[in-house]
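Heads up: the structure comes next, in C-alpha cells.
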Amino acid sequence: MATPTGNQGWAQLRQQARSLESQTETLFHTYSQFSTVANIPAKPTKEERETEEKLEEILEKRDTVVNQLARLLDSEASLTSSALKQNNLSLLREKLAEHRRDLGRLRSALQEARNRANLLSNVRDDIQTYRANNPEAAEAEYMLDERNRIDNSHNMVDSVLSQAYATNENFIVQRETLASINRRITMAASQVPGLNTIIGKISARKRRDGIIMGGFIAFCFVVFFFFL
C-alpha cells in the first residue's frame, strides 16, 4: 500500500491512528471483563480468543500506521521542520507501546485468575472424591461441623443472656438510687417545719388551676359549637 504524501496524507494517517486507538480502548474494556466473571472457564472461550486476536490485529495495524507516519515525516522537508508533528508521532508511539504492555498485563491477569479458579476447582473435586471414598470420615467431618455450629449458637445465647443480666442489674441500681433520693427528700421535708403544708398547698393550687383551665376550655368549645 502506497504511503500518502503531504499534509493531507499526514492528516489521514493520523486520523486512522486515533481511530485505531479508540477501538483498542473498547476492546481492552471487553477483554478485561473475562477475568472478573464469577465462574471463569478452564479454557479461553471463543469470544475471549476472538477479542484477543482483534487486539493483536489492531496493534499491528497501528504499528504499520505509525511507521508510515515516520517515513512520511522523514521524506517531506515541510513536515520534518514541524515540531508539532514530531510531538504527535512521539505520542502515538508511546501510546502504542503502552497498549502493548497493557495487553500483556491483562493476558497475565486473566491467566492467573484462570489458574486460581482451576486450583480451587481441583481442591473441591479432591475433597468430594475423598468423601466419596471415605464415608466414615465424611460423616465424622459432618458431625464435627454440626458440633461447631451448636457451640457457636450456645456462645451467642450466652452473650445475649450476659447482656440481659447486665441490663437488669443497671435497672436495679437505678431503682435503688431513685428510692434513696426519694427517702432523702422525704426526710428533708419532715425536718423543715411547715414544708409539707406548703407542698400540700402548692399541689391543691395546681389542682384548682387545672380545674379552672379545664372549665375554661370546655366553655370555649361550647361557645365555638354554638356559633358554628
Side-chain angles (χ1 to χ4, degrees), residues 1-134 138 141 145 148-149 152:
M1 176 180 177
T3 302
T5 60
N7 288 322
Q8 184 178 2
W10 171 272
Q12 292 175 355
L13 289 173
R14 184 172 178 272
Q15 181 63 32
Q16 184 180 356
R18 296 299 299 273
S19 176
L20 291 172
E21 279 187 6
S22 178
Q23 294 177 39
T24 305
E25 296 286 352
T26 302
L27 287 173
F28 271 150
H29 176 72
T30 302
Y31 191 64
S32 64
Q33 301 300 313
F34 294 115
S35 63
T36 59
V37 295
N39 296 316
I40 185 170
K43 295 182 179 180
T45 61
K46 180 181 178 181
E47 184 181 1
E48 180 185 334
R49 292 194 303 270
E50 290 178 349
T51 304
E52 186 174 349
E53 290 173 359
K54 288 179 181 178
L55 276 169
E56 293 175 347
E57 181 181 352
I58 287 182
L59 290 176
E60 288 300 324
K61 288 182 179 180
R62 287 173 59 186
D63 185 63
T64 300
V65 173
V66 169
N67 289 334
Q68 288 178 339
L69 284 169
R71 287 195 297 271
L72 180 60
L73 202 60
D74 292 338
S75 62
E76 298 284 343
S78 60
L79 298 178
T80 305
S81 60
S82 174
L84 178 60
K85 289 182 172 57
Q86 293 282 359
N87 184 59
N88 287 338
L89 179 59
S90 177
L91 291 176
L92 289 173
R93 281 173 171 166
E94 291 176 1
K95 195 67 175 180
L96 176 59
E98 179 184 348
H99 280 170
R100 288 188 185 278
R101 292 192 296 269
D102 289 342
L103 177 58
R105 284 195 293 267
L106 286 174
R107 187 184 286 120
S108 298
L110 185 56
Q111 186 59 45
E112 289 177 2
R114 179 167 286 111
N115 292 339
R116 185 164 54 251
N118 291 340
L119 177 61
L120 292 175
S121 178
N122 292 335
V123 170
R124 285 193 293 267
D125 291 342
D126 291 342
I127 292 175
Q128 292 176 358
T129 302
Y130 175 78
R131 289 176 175 175
N133 296 331
N134 299 274
E141 184 178 354
D145 292 339
N148 291 333
R149 281 193 286 270
N152 291 334

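Basis for what follows: all heavy atoms, side chains included, without hydrogens, waters or symmetry-related copies.
- Here the CH2-CG distance, from W10 to L72, works out to 7.0 Å after rounding to the nearest 0.5 Å.
- H29 and Q33 make their closest contact through O-CG, 3.1 Å (heavy atoms, listed as atom of the first residue, atom of the second, distance).
- Of the inter-residue distances, the one linking I58 atom CD1 with T26 atom OG1 reads 8.5 Å to the nearest 0.5 angstrom.
- Atom CG of residue L69 and atom CZ of residue R93 lie 9.0 Å apart, to the nearest 0.5 angstrom.
- Under the side-chain hydrogen bond (donor to acceptor under 3.5 Å, both in side chains) criterion, T24 pairs with R62, not counting sequence neighbours.
- Inter-residue side-chain proximity for K61 and T64 is flagged as unmet; no heavy-atom pair is nearer than 4.5 Å.
- Evaluation of the ring pair (Phe, Tyr, Trp, His ring centres under 6.0 Å) test over residues 95-117, restricted to residues two or more places apart or in two chains, returns F28-H99.
- Proximity of L103 to E56: side-chain heavy atoms (C-beta onward) are separated by under 4.5 Å at one or more points.
- Here the CG atom belonging to L89 is positioned 10.0 Å from the CD atom belonging to E94, to the nearest 0.5 angstrom.
- A donor-acceptor pair is defined here as one N or O able to donate and one able to accept, closer than 3.5 Å; such a pair exists between the side chain of N115 and the backbone of Q111.
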Evaluate E52 against L27 for side chain to side chain contact (heavy atoms under 4.5 Å, CB included), listing each step before the verdict. CA-CA 8 Å; E52 186 174 349; L27 287 173; over 6 Å; no

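- The side-chain hydrogen bond (donor to acceptor under 3.5 Å, both in side chains) search around E48 returns R114, not counting sequence neighbours.
- Under the 4.5 Å side-chain criterion, counting only non-hydrogen atoms from C-beta, L106 is not in contact with F34.
- A distance of 12.0 Å separates CG of L20 from CD of E25, quoted to the nearest 0.5 Å.
- Considering only residues two or more places apart in sequence or on other chains, R18 meets the side chain to side chain contact (heavy atoms under 4.5 Å, CB included) condition with R14, E21, L92.
- Counting heavy atoms from C-beta outward, R49 and K46 have side chains that approach closer than 4.5 Å.
- Residues that satisfy the side-chain hydrogen bond (donor to acceptor under 3.5 Å, both in side chains) test with E112, not counting sequence neighbours, are absent from this structure.
- With sequence neighbours left out, the salt bridge (charged side-chain N to carboxylate O under 4.0 Å, His left out) criterion links E50 to no other residue.
- Between the side chain of S19 and the backbone N or O of Q15 there is no donor-acceptor pair closer than 3.5 Å.
- A distance of 9.5 Å separates CG of L73 from CG of N88, quoted to the nearest 0.5 Å.
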Residue pair E53, E57: steps toward the side chain to side chain contact (heavy atoms under 4.5 Å, CB included) verdict: CA-CA 6 Å; E53 290 173 359; E57 181 181 352; over 6 Å; no

